[in-house]
Structures are given as C-alpha cells and as structure tokens.
Amino acid sequence: RFVAAPSIPEDFKIRMQPYLRIAPDGGSCGAAAFLRQPVYARDIATDPLWKNFGRIAVRYGVRATWSTPILSDANAVLGIFTMYYGTPRLPTEEHIQLIDMAVQLARVAIEASLDDEILEMVFEDAPEGILVTDLAGYIVRANPAFARMLGYAPGELDRRSIADVTQGED
C-alpha cells in the first residue's frame with residue numbers, strides 16, 4: 001500500500017492497489033521487496049516488470065520508478081522507498097546516495113515506531129502490575145493489571161500520588 005505519497009493522485013493509488021504485491025514480477029516495488037535490492041525501471045512503458053499494469057502508470061504520467069527496499073537489521077522488508085518520474089530515466093550516482101540516506105532515515109523511523117508498539121503491547125498486556133511515576137511520586141501511567149490489583153480503572157490512577165493508593169510500607 002502507499003503510505004507516504006502526498007503528490008500521487010488518490011485514483012492512481014486505488015487503480016494500482018490490486019497490483020501491489022511482493023513478487024519478482026510485481027513492478028519495481030514488488031521486485032525490490034522480493035529481491036531485497038534496488039530495482040530501477042528506466043521506462044515503465046517497456047519494462048518487463050510492468051507488463052501487466054504499466055499502462056496504468058503511463059496513463060497517469062509515470063514513466064520511471066526507482067525502488068529501494070527498506071530493510072531491518074535482520075534483513076526483513078519494512079517497506080519500499082520509491083521515486084516516480086514523468087520521463088524515462090535512471091538514477092545517477094548522486095541520486096543513489098541520496099536515496100540510500102532517505103532509506104536509512106526511513107528505517108530508523110519505522111523501527112522506532114515498531115519498538116514503541118511492542119513496548120505498548122508489553123505494558124498493556126503484562127499479567128503483572130506495572131506503574132510509572134514521576135520523580136515527585138505521582139502516577140504517570142499504570143497498566144490494567146496494576147489498576148486491578150488496587151481496585152481501580154487505569155485512568156483513575158493518573159496524577160494521583162503513589163502514597164494515596166498504597167498502604168503504609170507497601
């Protein structure tokens with residue numbers, strides 16, 4: 001799917017959606033993901049990777065695509081960084097260097113987002129109580145297990161003093 005493509009018309013995205021797949025003949029993006037290496041289509045109108053749906057891209061004025069996979073440290077495909085052009089062309093060495101920098105920035109952003117999602121799941125679904133307080137001892141966040149232990153809903157504990165919800169030496 002298209003994630004960040006503000007200059008691409010919505011109807012183009014909709015028409016291309018059925019063809020977006022990871023495969024050796026899946027256009028530049030699908031082939032880049034499948035091969036785990038950059039794929040440059042100089043002219044979509046004649047490129048064999050685009051034979052089944054290149055006419056759609058050409059109709060929208062897209063004639064060249066340069067697709068580079070965004071790979072994790074474990075070599076998993078996180079996404080594809082693609083440049084679209086209205087005239088047939090291939091990247092220069094300078095283009096490739098700029099694309100590589102953009103791909104690395106995208107990788108860092110995607111992995112940070114995934115890390116946040118994992119931490120959120122662990123916090124929310126942990127069977128044991130987890131509590132986060134600020135330095136003054138006020139509750140910033142409590143997971144559902146901690147709130148249940150004390151007989152509260154998680155939101156009811158926000159900004160309360162830890163001393164208000166515990167007893168004595170607890």
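For this chain, numbers begin at 1 and follow the sequence in order. Every heavy atom of this structure was used, including side-chain atoms; hydrogens, water molecules and symmetry mates were not. Given the structure is predicted, the values throughout are model-derived calculations rather than measurements.
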K.L.:
Rounded to the nearest 0.5 Å, how far apart are CE of Met16 and NZ of Lys13?
P.N.:
12.5 Å
K.L.:
Could you tell me the separation between the OG1 atom of Thr133 and the CZ atom of Arg159, rounded to the nearest 0.5 Å?
P.N.:
9.5 Å
K.L.:
Taking all heavy atoms of Pro69 and all of Ile80, pick out the closest pair and write down the distance.
P.N.:
CA-CD1, 3.7 Å
K.L.:
In the single-linkage hydrophobic clustering (I, L, V, M, F, W, Y; side-chain heavy atoms under 4.5 Å), do Tyr85 and Leu90 co-cluster?
P.N.:
yes
K.L.:
What's in the same ILVMFWY side-chain cluster as Leu150, cut-off under 4.5 Å, chained through other members?
P.N.:
Leu131, Ile139, Phe146, Met149, Tyr152, Leu157, Ile162, Val165
K.L.:
Which heavy atom of Ala145 sits nearest a heavy atom of Ala126, and at what distance?
P.N.:
CB-O, 3.5 Å
K.L.:
Output the distance between atom OG1 (Thr65) and atom CZ (Arg42), rounded to the nearest 0.5 Å.
P.N.:
12.5 Å
K.L.:
Which residues pass the side chain to side chain contact (heavy atoms under 4.5 Å, CB included) test with Ser72, not counting sequence neighbours?
P.N.:
Ala74, Ala76, Leu78, Glu111
K.L.:
Nearest heavy-atom pair of Ser28 and Val39: which atoms, and what distance?
P.N.:
O-CB, 3.8 Å
K.L.:
Is there a side-chain contact between Tyr40 and Pro91 (heavy atoms, below 4.5 Å)?
P.N.:
yes
K.L.:
Determine the minimum heavy-atom distance between Ile22 and Ala33, stating which atoms define it.
P.N.:
CG1-CB, 3.7 Å
K.L.:
Count I, L, V, M, F, W, Y as connected when their side-chain heavy atoms are under 4.5 Å apart, and connections chain through other members. Are Tyr19 and Trp50 then in the same cluster?
P.N.:
yes
K.L.:
One pair to check against side chain to side chain contact (heavy atoms under 4.5 Å, CB included): Arg63 and Ile44. What are the steps and the verdict?
P.N.:
CA-CA 5 Å; Arg63 290 297 300 271; Ile44 289 174; 5.6 Å; no
K.L.:
Applying side chain to side chain contact (heavy atoms under 4.5 Å, CB included), can you list everything that pairs with Glu94, at least two apart in sequence or on another chain?
P.N.:
Thr92, Leu98
K.L.:
Can you give me the closest heavy-atom contact between Ala31 and Pro24, atom names plus distance?
P.N.:
CB-O, 3.7 Å
K.L.:
Are Trp66 and Thr82 packed together at the side-chain level, in the sense that at least one heavy-atom pair is separated by less than 4.5 angstrom?
P.N.:
no
K.L.:
Where is the tightest heavy-atom contact between Tyr84 and Cys29, given as atom of each residue plus distance?
P.N.:
OH-SG, 4.4 Å
K.L.:
Any link between Leu20 and Val58 through a network of hydrophobic side chains (Ile, Leu, Val, Met, Phe, Trp, Tyr) touching at under 4.5 Å?
P.N.:
yes
K.L.:
Using modelled atom types and a 3.5 Å cut-off, is there a donor and acceptor pairing between side-chain atoms of Glu156 and backbone atoms of Ala153?
P.N.:
yes
K.L.:
Which residues satisfy the salt bridge (charged side-chain N to carboxylate O under 4.0 Å, His left out) test with Asp11, sequence neighbours excluded?
P.N.:
none
K.L.:
Asn143 and Glu128: side chain to side chain contact (heavy atoms under 4.5 Å, CB included), yes or no, with the steps?
P.N.:
CA-CA 9 Å; Asn143 75 342; Glu128 300 298 325; over 6 Å; no
K.L.:
Between Arg89 and His95, is there a side-chain heavy-atom distance shorter than 4.5 Å?
P.N.:
yes
K.L.:
Hey, any chance Leu35 and Leu49 share a hydrophobic cluster, counting ILVMFWY side chains that come within less than 4.5 Å of each other, even indirectly?
P.N.:
yes
K.L.:
Is any side-chain heavy atom of Leu71 closer than 4.5 Å to one of Arg36?
P.N.:
yes
K.L.:
Under a 4.5 Å cut-off applied to non-hydrogen side-chain atoms, are Val77 and Ile70 in contact?
P.N.:
no
K.L.:
Excluding sequence neighbours, so at least two apart, what forms side chain to side chain contact (heavy atoms under 4.5 Å, CB included) with Asp25?
P.N.:
Arg21, Ala23
K.L.:
Checking Arg141 now: which residues fulfil side chain to side chain contact (heavy atoms under 4.5 Å, CB included) with it, not counting sequence neighbours?
P.N.:
Glu120, Phe123, Glu124, Val132
K.L.:
Please round to the nearest 0.5 Å and tell me the distance separating atom CZ of Arg59 and atom CD1 of Ile56.
P.N.:
6.0 Å
